[in-house]
Trainee: 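Input: one structure, supplied below.
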Amino acid sequence: FTQAHDRFDTHCMKWEFEKQGDFYMQSDRAHPKYGDDQMLPMWVADMDFKAPPAVIDVLEERARHGIFGYCKPDDGFYEAVEEWMARRYGRSIDRDWIVITPGVVNALAQFVQAFTEPGDKVLLQPPVYHPFYHVIENNGRVVARNPLQRTGMRYEMDFEDLAQKTADPAVKMAFLCSPHNPVGRVWEAEELTRFGQICMDNDVLVIADEIHCDLILNGHTFTSYATINEEFAAGSIVCTAPSKTFNLAGLKLSNIIVPDEEMRRRLQETMKRNSIGGPNAFGIVANEAAYRHGEPWLAELLAYIEGNFNYLQSYLAEHLPQLKVTPLEGTYLAWIDFGALGLTPAERTKLLMEEAKVWLNSGEIFGPEGADFERINLA
């Protein structure tokens, strides 16, 4: 984890591209050749660490085979997912419940189409991962906002507002970001229970995006939404993937857990209409290798990320005390309050990119509640 890797000439979005308006254009501003004028990209949520050795080994072996036709996961694939969920989170799942998609965001779009109608509302808890907004609005649905409350530097759910918003019969679905991106909360069992009970009382389908569930810092415990009780498990969909955990996002594979047979049928029919095919050859073998052999690597990763977070806190406290760092419980994404600088988001972006030469994620993309913030990738 201490070695710097050259990611140029790998089609790397973070290092080789730059967003200009609605498009990403190839750019070399992050290349070390610029010296002090080099742009440091700390925005896209992938890691600058190599995947676990066991994953690299199995990918090299698969590549040497030399034939890359259509593939389907075998028993070993499903067993690895089942064992990971049981070992890490105490949840016993059936392989029939697992629906493979090219990613969690892709899956969210399928859910919106399968379980809501145009004009229906989907509840979010901003500031929240910005593609959530896109999959709702791009499919002709409406965002219902249940903003998180900030007490000091800690974020909490606003349950009174949640009850009011879900009482609206137009609200059919809720996206639960757990752990929460970008504020870094690891929701406690009591919070999840209150959230789930309110949604269930109002017949709101819960979609739990748990893609960061393996990335939990010391002193915190992740609770999967479906392990709260059997009713929550039956009436929800949980989204998991090895992509964030093991830096495999480019392999495009997520494991969506859908216990209810009717919901699973509707989801699969929607995927057929959208011509969502099977997983790629490399994603299948990487998924299994990561879940079977990646835990020692993950333990080292978490210690390293926590060290990076502690360094960030101490450095800013000494050199830029105006910036306030939100406590980090999970993910590798720090949420920093720049409000004391008194800059607009556009002014702050100009300062960071043109003078500081650091590319972060401007908080306004996560909702107006994030307008004073920046998200920084610690990995």
Side-chain angles (χ1 to χ4, degrees), residues 43 45 122-133 143-166 174-199 204 206-225 228 239 244 302 305-306 308-310 312-313 316-317 322-341 345 348 360-379:
W43 59 297
V122 180
L123 183 133
L124 303 181
Q125 295 181 305
V128 73
Y129 184 50
H130 53 287
F132 285 5
Y133 298 96
V143 173
R145 303 168 59 83
N146 169 226
L148 299 177
Q149 292 179 317
R150 189 170 170 227
T151 304
M153 293 301 294
R154 180 180 171 85
Y155 284 87
E156 298 175 342
M157 294 188 192
D158 184 342
F159 293 108
E160 182 177 345
D161 181 71
L162 176 66
Q164 293 175 354
K165 296 293 171 59
T166 55
F175 289 170
L176 171 67
C177 196
S178 177
H180 194 283
N181 172 13
V183 309
R185 273 300 316 276
V186 175
W187 304 118
E188 297 172 2
E190 181 184 1
E191 293 171 299
L192 293 172
T193 301
R194 292 185 67 185
F195 176 90
Q197 191 62 54
I198 290 170
C199 289
V204 173
V206 173
I207 308 295
D209 176 6
E210 299 183 359
I211 196 170
H212 290 100
C213 65
D214 303 315
L215 300 165
I216 308 299
L217 273 58
N218 277 326
H220 303 282
T221 301
F222 175 77
T223 301
S224 179
Y225 177 80
I228 298 292
C239 304
K244 299 300 179 185
L302 291 173
I305 289 172
E306 189 154 11
N308 281 357
F309 179 69
N310 292 338
L312 174 73
Q313 281 190 306
L316 292 183
Q322 311 98 306
L323 309 187
K324 305 301 180 185
V325 182
T326 303
L328 185 65
E329 301 176 0
T331 80
Y332 52 73
L333 305 165
W335 187 237
I336 306 173
D337 187 350
F338 281 69
L341 299 185
R348 193 173 65 242
L360 310 181
N361 279 123
S362 180
E364 65 176 343
I365 66 174
F366 303 96
E369 297 82 1
D372 287 336
F373 289 77
E374 297 280 335
R375 191 190 76 171
I376 181 170
N377 184 341
L378 297 168

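Sequential numbering from 1 along the given sequence is applied to the chain's residues. Quantities reported herein were computed from a predicted structural model and do not represent experimental measurements. As a basis for the values below, the full set of heavy atoms in this structure was taken, side chains included, without hydrogen atoms, waters or symmetry mates.
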Trainee: Taking the side chain as everything from C-beta on, heavy atoms only, tell me whether T193 gets closer than 4.5 Å to E190.
Mentor: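 In short, these two side chains do not touch, never coming nearer than 4.5 Å.
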Trainee: What's the shortest heavy-atom distance between L124 and P126, and which atoms?
Mentor: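 Looking at all heavy atoms of both residues, the closest pair is O-CD, 3.2 Å.
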Trainee: Please confirm whether the backbone N or O of W43 pairs with a side-chain atom of R375, one donor and one acceptor, at under 3.5 Å?
Mentor: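 Yes, R375 side chain to W43 backbone: donor-acceptor pair under 3.5 Å.
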Trainee: What residues, two or more places apart in sequence or in another chain, satisfy side chain to side chain donor-acceptor pair (under 3.5 Å) together with W335?
Mentor: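 Only Y155 meet the side chain to side chain donor-acceptor pair (under 3.5 Å) criterion with W335.
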Trainee: Taking only residues two or more places apart in sequence or in another chain, which ones pass side-chain contact (heavy atoms from CB on, under 4.5 Å) with I365?
Mentor: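 In terms of side-chain contact (heavy atoms from CB on, under 4.5 Å), with neighbours along the sequence ignored, I365 is linked to H130, N361.
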Trainee: Please report the interatomic distance CD1(I198) to CD(E160), rounded to the nearest 0.5 Å.
Mentor: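 Going from CD1 on I198 over to CD on E160, the span is 10.0 Å.
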Trainee: Under 4.5 Å between any side-chain heavy atoms of F175 and D209, yes or no?
Mentor: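 Contact flag for F175/D209 side chains = no.
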Trainee: Would you say that L162 contacts L123 through its side chain, given a criterion of any heavy-atom pair below 4.5 Å between the two side chains?
Mentor: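 SC-SC contact between L162 and L123 confirmed.
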Trainee: Give the minimum heavy-atom separation between V204 and A174, together with the two atoms involved.
Mentor: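 Closest approach of V204 to A174: CG1-N, 3.6 Å.
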Trainee: Got a sec, which residues hit ring-ring contact (aromatic ring centres under 6.0 Å, His included) with F195, two or more places apart in sequence or on another chain?
Mentor: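 Scan of F195 (ring-ring contact (aromatic ring centres under 6.0 Å, His included), adjacent residues dropped) gives none.
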Trainee: Check for a donor-acceptor pair, side chain of K244 on one end and backbone N or O of A45 on the other, with a separation under 3.5 Å.
Mentor: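 Checking the backbone N and O of A45 against the side chain of K244, a donor-acceptor pair under 3.5 Å is found.
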Trainee: Testing the basics here: between C177 and N181, what is the closest heavy-atom pair and its distance to 0.1 Å?
Mentor: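 Scanning both residues, the minimum pair turns out to be SG-N, 3.3 Å.
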Trainee: According to side chain to side chain donor-acceptor pair (under 3.5 Å), who are the partners of S178, at least two apart in sequence or on a separate chain?
Mentor: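 With sequence neighbours excluded, S178 shows a side chain to side chain donor-acceptor pair (under 3.5 Å) to no residue whatsoever.
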Trainee: Run the salt bridge (Lys or Arg N to Asp or Glu O under 4.0 Å) test against K165 and tell me which residues pass, sequence neighbours left out.
Mentor: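 D161.
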Trainee: If you measure from CG on L316 to CG on L323, what distance do you get to the nearest 0.5 Å?
Mentor: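 Rounded to the nearest 0.5 Å, the CG-CG separation comes to 5.5 Å.
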Trainee: In chain order, what residues pass the side-chain contact (heavy atoms from CB on, under 4.5 Å) check against I216, with sequence neighbours excluded?
Mentor: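 Partners of I216 by the side-chain contact (heavy atoms from CB on, under 4.5 Å) criterion, ordered by chain and then number, come out as P179, V186, H220, F222.
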Trainee: List the residues meeting ring-ring contact (aromatic ring centres under 6.0 Å, His included) with Y332, not counting sequence neighbours, and say none if there are none.
Mentor: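 Expected list: none.
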Trainee: To the nearest 0.5 Å, what is the distance between CG on D372 and CZ on F338?
Mentor: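 Reported value, rounded in 0.5 Å steps: 10.5 Å.
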Trainee: What pair of heavy atoms forms the shortest contact from L328 to L333, and how long is it?
Mentor: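 Minimum heavy-atom contact is CD1-O, 3.3 Å.
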Trainee: CD1 of I207 to SG of C239: how many Å apart, nearest 0.5 Å?
Mentor: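 The distance works out to 6.5 Å.
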Trainee: Under the side-chain contact (heavy atoms from CB on, under 4.5 Å) rule, collect the residues that match up with A340, sequence neighbours excluded.
Mentor: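 With sequence neighbours excluded, A340 shows a side-chain contact (heavy atoms from CB on, under 4.5 Å) to Q322, given in chain and number order.
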Trainee: Side chains of M157 and L176: closer than 4.5 Å at any heavy-atom pair?
Mentor: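 A side-chain contact exists here, since the closest heavy-atom pair is under 4.5 Å.
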Trainee: R185 and side-chain hydrogen bond (donor to acceptor under 3.5 Å, both in side chains): which partner among E191, Q125, H180?
Mentor: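 For R185, the side-chain hydrogen bond (donor to acceptor under 3.5 Å, both in side chains) check succeeds only for E191.
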Trainee: As an exercise, state the distance from CH2 of W187 to CZ of R194, rounded to the nearest 0.5 Å.
Mentor: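 Answer rounded to 0.5 Å: 12.0 Å.
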Trainee: With sequence neighbours left out, what residues match E369 under side chain to side chain donor-acceptor pair (under 3.5 Å)?
Mentor: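 E369: side chain to side chain donor-acceptor pair (under 3.5 Å) contacts with R145.
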Trainee: The criterion is side chain to side chain donor-acceptor pair (under 3.5 Å); which residues satisfy it with S224, sequence neighbours excluded?
Mentor: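 Once residues adjacent in sequence are excluded, the partners of S224 under the side chain to side chain donor-acceptor pair (under 3.5 Å) criterion are E210.
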Trainee: Which atoms form the tightest heavy-atom contact between G184 and T331, and what is the distance?
Mentor: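 Closest heavy-atom pair between G184 and T331: CA-OG1, 4.5 Å.
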Trainee: Scan for salt bridge (charged side-chain N to carboxylate O under 4.0 Å, His left out) pairs involving residues 149-158, sequence neighbours excluded, and state none if there are none.
Mentor: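 Non-adjacent pairs meeting salt bridge (charged side-chain N to carboxylate O under 4.0 Å, His left out): R150-D337, R154-E156, R154-E188, R154-E329.
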Trainee: Do you know which two heavy atoms are closest between P345 and S362, and how far apart they sit?
Mentor: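 Between these two residues, the closest heavy atoms are CB-OG, 4.1 Å.
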